Structure formats: structure tokens, C-alpha cells
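In what follows, a structure is listed as C-alpha cells, so that the remarks can point back to it.
What you are looking at is a predicted structure, and each value in this text was computed from that prediction instead of being measured.
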Amino acid sequence: MAIPQRILIVGGGIAGLTFAAALKRHGACADVVDLAPEWRPVGSGIAIGFNGVLALNSIGLGNAVQERGVPLNSVTLLDSEGNRMNGFRFSSVADVYGTSTTGIHRGALHDVLAGSLENSPRLGITVTALRELDKGVVAEFSDGTSAEYDLVVGSDGRNSKVRKLVFGEVDRQYVGYCAIRVVIPRPQGFEGMCELWGSGRRMGILPIGEDLLYSYSTFLSARGAVRDPSENMKLLRELFGDFKGPARHIVDSNPDEDSIHYGDIEQVVLPRWISRRVVLIGDAAHAMSPDLGQGGSMAIEDAITLARILVDSTEIADALHRFQSSRYKRVRDMQRKSRQYGWMVHRRTAPALAVRRRVVERFESDHLARTTVASLINPVA
């Protein structure tokens, strides 16, 4: 069937904008609404896995993302003193697939995705009610307007309004640790990605642009460790002040308030992402811990897969069931693997420490790179 003509996308983040771009590739368009009052380069950094870049290649945006970002061809593990424990290069991935994991500022990624669209999103509004009919969905908006659509796509993040309206209250599962994310000027010569592991603490550092460096620092904590944004850097220095090596670039920096962000790490697990004419994608459907850096890539894959399936299906209901069937196991597996990695890094129990030692021992190997590739490759590309 032809893609439905009346599509509403709620949420203009990675998932929503990628879906809109994929629709455009198939000759269709959609209404996009977002609660943000204006587009501005907010947020921190993100790593788009090579599987995400390959998926973007299929809608003509992979090269633009790579041009705005930085290829991450190596991963190095360090202890908290800055001593190298192990590492490996992803050069074999780039050689075979012509691409690699890419570090990029979220604002730059947003620019690439939004810049590919013909119609500007409606900003400063969201849905307040959704009423599913036999052949459509009536959406009511926060500005008092309403409209009927063939399909509504909820891509409005882990705090999804669409999810709440369709599926009710859903518990966002706190995974036991928080993150402080920082963007600073990139020191000359800083290449590749590294992670420093301490006791119950981890700091990852990667370039996300020619002149930008991104860091995520995660630590065991009760929910809501920071309430006042002005306290973020103070807490970072208290927790990671003893870290050495490349961590000093972060700990000794003085980022402005817009360049440092705190967040509790939560995941969303649902038995289904679809109703009759509403579907959730990205974090709205399956927010995951960032430990494997796959949240953005899973959102991209969702969006491109959904657009393809809509083109190939005869009925919307059939398309949505096919979408969930094609994506659910892969995403749940990624959620579990990411959670397991986070458990291994942060927990100080004997089992976690034993797994951690085995991971460090195996980390420098082409075999590990190949098995990582095998677990991520997906037909979306």
C-alpha cells in the first residue's frame, strides 16, 4: 500500500526526525509536533553506532552525520589512574562496511535530520488526548486545536505523553546509577574513545566534533543525586577528582551551565509498542541504559524499519504488528546487554568483579571486534 497520507509524529528527537526523513525518502510527509518552544543546539554528545550510520546511509543521511561528527575507530580501557588496561580498534569494521561508530553533538545530529525535511515542525505544543477510531485517530493538541490522522507515531522520549495516553502510566525503571555529561573544547591530538573504570564509577571520553570533546561520568547513587543544576560540576569533581590521565581534561574544566547535564539512568520496558493506529518508537518505546551506546542507533533503526514496513504493507494494523515483530527481540536483547554491561562496570560484588576481569583480559582482540559487529549488524542497512 502507499504510505498513509495523514501521519502525526509527536516528538522531534532522533527517532521522530529520522522517521520523517525516511518518509520523505519514500515520497511522503507527516506533521511533526514538539513541546520545545524553539529549535536550539541543546544537549550533549552521543555515539551513533556503525549500525546506526549504515541505517542512515539507506536514507541518504549517513555521510552528512559523519561529516559533522568524528569517527571512533578505537576503544581503550583505562583504570582510574589513567593506566591502559586494554583496548581494540574497529578498523576491521570500517574496512568491511565503509563506516564506523561516529561521535557527534546532539545539536549537530538534530541539524542534519531536521535540515533534510521540507516542512517545519510545529513547536511548543504536544498532544493532550488521542481517540482511536476504526479508520483514524483524533488528536487534540495543547494549543486547543485538533485533527484526525491515519497513524500517530509517538517518538516523544522516555517521558512520552503518547505512551501515557495510550498505555497508561508505565514505570521508568531506575537502573541504580546516574550520569553527568559534559561537553568541553577538544584538546589537540585527542583521538578515539576511552573509558576509565574506578570503584563504582566510570568516565567515558570521546571527541564529537573537530573542536568538541564529550564525557559521560556514571556512578552508583540513589535517584535524584543532584537537584540544583549549578551543583553538577561540584559533584563531578567530588566523585572523580582522584581520576587521572585523560580524565583531568574533564575534571579540571569549567564548562558553562548549558554544557553540563545530570540525569538518572532509566529504562522503559513494555510488552507491546502498538495499538490499532498508534505506535511508539525510540525511547518512548524502549529507553535503555547508555552503557553500549546503542540508544540512538536503536531509535534510528526503528524509524527506518517502520517507514519501510508501511510501504510494503496493505493495512496499517498489519504494518504495526510486523514492525513490533521485527524489532522487539533485537531491542530487548540490546537493553539486556546494555544493562549487564552497566552492572559489570559499576557493581562491586564478587560476581561482577570476576566478569569485569574476564572482559578486561579479552578486550584486546580482533575476535571481540568481530563478535561486537556480528551482534549489531542488522538488515536495516
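Within 6.0 Å of the CZ atom in Arg332, the count of heavy atoms belonging to other residues, nucleotides or ligands exceeds 12. Residue Lys24 qualifies as enclosed at atom NZ: its count of foreign heavy atoms under 6.0 Å is above 12.
In this structure, Glu169 does not pair ionically with Arg163, as no charged nitrogen and carboxylate oxygen lie closer than 4.0 Å. Ion pairing of Glu301 with Arg330 is present here, as a side-chain N (NZ or NE/NH1/NH2) and a carboxylate O approach within less than 4.0 Å. Between Lys244 and Glu81 a salt bridge is recorded (basic side-chain N to carboxylate O distance below 4.0 Å). Ion pairing of Asp291 with Arg202 is present here, as a side-chain N (NZ or NE/NH1/NH2) and a carboxylate O approach within less than 4.0 Å. Ion pairing between Arg6 and Asp150 holds under the 4.0 Å rule for side-chain N and carboxylate O. Residues Asp264 and Arg158 are not paired through a salt bridge, judged by the lack of any N-O separation under 4.0 Å between the basic side chain and the carboxylate. The existence of a salt bridge linking Lys337 and Asp333 is excluded, since no basic side-chain nitrogen approaches an acidic carboxylate oxygen closer than 4.0 Å. Taking a cutoff of 4.0 Å between a charged side-chain nitrogen and a carboxylate oxygen, Arg122 and Asp143 qualify as a salt bridge. Between Asp134 and Arg276, at least one side-chain N (NZ, or NE/NH1/NH2) sits under 4.0 Å from a carboxylate O, which counts as a salt bridge.
With sequence neighbours left out, His321 forms a side chain to side chain contact (heavy atoms under 4.5 Å, CB included) with Ile274.
Screening Val251, Ile205, Ile260, Leu213 for a side-chain contact (heavy atoms from CB on, under 4.5 Å) involving Val182 leaves a single residue, Ile260. Applying the side-chain contact (heavy atoms from CB on, under 4.5 Å) test between Ser160 and each of Val166, Val268, Leu280 identifies Leu280 as the sole match.
A donor-acceptor contact under 3.5 angstrom links the side chains of Ser289 and Ser338, judged on distance only. Donor-acceptor pairing under 3.5 Å is lacking for the side chains of Glu257 and Ser230.
The shortest side-chain heavy-atom distance between Trp273 and Arg327 falls under the 4.5 Å cut-off.
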Output side-chain donor-acceptor pairs under 3.5 Å for residues 63-74, partner residues at least two apart or in another chain, one line each.
unit_1 : atom_1 : unit_2 : atom_2 : d
Gln66  : NE2    : Thr99  : OG1    : 2.8
Asn73  : OD1    : Ser100 : OG     : 3.3

Please step through side chain to side chain contact (heavy atoms under 4.5 Å, CB included) for the pair Ile250 and Met203, ending with a clear verdict. CA-CA 9 Å; Ile250 307 302; Met203 180 182 288; 4.1 Å; yes
